[in-house]
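Sharing a structure, written as structure tokens. Questions coming.
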Amino acid sequence: MEMAENAALVVVDVQKGFEEAGFWGPRNNPGADENVAALIDVWQATGRPVVFVRHDSVKPDSPLRVGQAGNGFKDYVEARRGKGTGGELLVTKSVNSAFYGTPDLGAWLTEAGIGQLVLAGIQTNMCVETTARMGGNLGYDVVVALDATHTFDLVGPFGWRRTAEELAQATAVSLHGGGFARVVTTQDVVTAAK
């Protein structure tokens, strides 16, 4: 896999509020945070741009709403902000896609001449997947580091319940098989980025 010198790492919604297991329920991939940290470190060490995305929920019961401690980035992410030599952008949003946030992610990428995105973060099947699908539709070369994401069990229509791992696998199959993104491991990305 080839990694562009200016490929942007998009770190989606790695916020403290997602640590509230009582609100979200069971999750998968306990190693996701370690992998997200490794990606940020490589991006900053190689001078590539990093986009930090924060979900500002408008739902009154959400741990991610503005003014709540859970709205903030997890400590390891916050500690890394502003440390790289490449460009850095903070995007805030209240919907699933980072392309519908403030400031305009697409405009920033275009201005910087960036055509390749690497996605990591939370939740695999929600904001990561939606951002990946939209990025693919917009013509970006999208790479998803699946093991640098996680999600939670979910109940859908007809009483259907899927585990977090089942949902993550379904996202990987849909994105990769559907041509929206290449789904790879953190190690694949790190090796290509060095």
Side-chain angles (χ1 to χ4, degrees), residues 7-20 24 27-29 31-44 48-59 62-66 70-81 84 86-106 108-109 114 116-138 140-152 154 164 167-168 170-172 174-176 180-186 189:
L9 175 64
V10 182
V11 181
V12 180
D13 304 349
V14 183
Q15 293 166 254
K16 294 176 182 178
F18 281 119
E19 295 175 342
E20 295 188 25
W24 302 101
R27 65 168 273 188
N28 72 327
N29 193 15
D33 289 307
E34 183 179 324
N35 290 327
V36 170
L39 289 169
I40 296 170
D41 289 346
V42 168
W43 249 249
Q44 291 180 330
R48 288 182 171 92
V50 180
V51 178
F52 294 99
V53 182
R54 188 184 73 219
H55 191 83
D56 291 347
S57 180
V58 294
K59 296 179 179 175
S62 174
L64 304 176
R65 66 192 186 282
V66 176
N71 180 255
F73 290 116
K74 291 187 182 186
D75 291 343
Y76 77 90
V77 171
E78 190 59 45
R80 285 169 167 80
R81 290 186 59 218
E88 183 173 308
L89 181 69
L90 169 64
V91 173
T92 60
K93 62 180 181 58
S94 60
V95 295
N96 299 109
S97 176
F99 285 96
Y100 285 121
T102 304
D104 185 309
L105 175 59
W108 187 81
L109 294 169
I114 295 169
Q116 188 177 49
L117 310 177
V118 174
L119 300 184
I122 310 169
Q123 299 181 55
T124 313
N125 59 316
M126 299 287 183
C127 296
V128 174
E129 180 174 356
T130 305
T131 301
R133 283 177 179 268
M134 192 162 177
N137 282 169
L138 290 170
Y140 292 97
D141 175 18
V142 181
V143 176
V144 176
L146 187 65
D147 59 351
T149 74
H150 78 77
T151 192
F152 304 91
L154 195 61
L167 293 168
T171 289
S174 294
L175 290 177
H176 197 91
F180 295 100
R182 286 176 288 153
V183 178
V184 300
T185 67
T186 297
V189 174

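Just so you know, these numbers come straight off a predicted model, no measurement behind them.
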Check: Cut-off 3.5 Å, side chains only: do Thr171 and Asn125 have a donor facing an acceptor?
Finding: no
Check: Cut-off 3.5 Å, side chains only: do Thr151 and Thr124 have a donor facing an acceptor?
Finding: no
Notebook entry, point to check: Taking side chain as C-beta onward, heavy atoms only, is Thr130 less than 4.5 Å from Val128?
Noted result: no
Check: What residues form a side-chain hydrogen bond (donor to acceptor under 3.5 Å, both in side chains) with Thr185, not counting sequence neighbours?
Finding: Asp188
Next item on the list: For His55, enumerate each residue passing the ring pair (Phe, Tyr, Trp, His ring centres under 6.0 Å) test, keeping only those at least two apart in sequence or located in another chain.
Entry: none
Notebook entry, point to check: Has the side chain of Asp147 got a donor or acceptor atom that lies under 3.5 Å from a matching backbone atom of Thr186?
Noted result: yes
Checklist line | By ring pair (Phe, Tyr, Trp, His ring centres under 6.0 Å) - contacts of Phe99 (at least two apart) | finding: Tyr140
Note to self: Once side-chain hydrogen bond (donor to acceptor under 3.5 Å, both in side chains) is applied, do any residues pair with Glu19, and if so which ones, sequence neighbours excluded?
What the structure shows: none
Checklist line | side chain to side chain contact (heavy atoms under 4.5 Å, CB included) partner of Phe52, chosen from Leu9, Asp13, Ile40 | finding: Ile40
Notebook entry, point to check: Would you call the rings of Phe152 and Phe18 parallel, tilted or perpendicular if under 30° counts as parallel and over 60° as perpendicular?
Noted result: parallel
Next item on the list: Not counting sequence neighbours, which residues clear salt bridge (Lys or Arg N to Asp or Glu O under 4.0 Å) with Arg54? List them please.
Entry: Asp56
Notebook entry, point to check: Between Val51 and Trp108, is any pair of side-chain heavy atoms under 4.5 Å apart?
Noted result: yes
Item checked: Qualifying residues under side chain to side chain contact (heavy atoms under 4.5 Å, CB included), relative to Tyr76, sequence neighbours excluded -> Val14, Asp33, Val36, Ala37, Lys74, Arg80
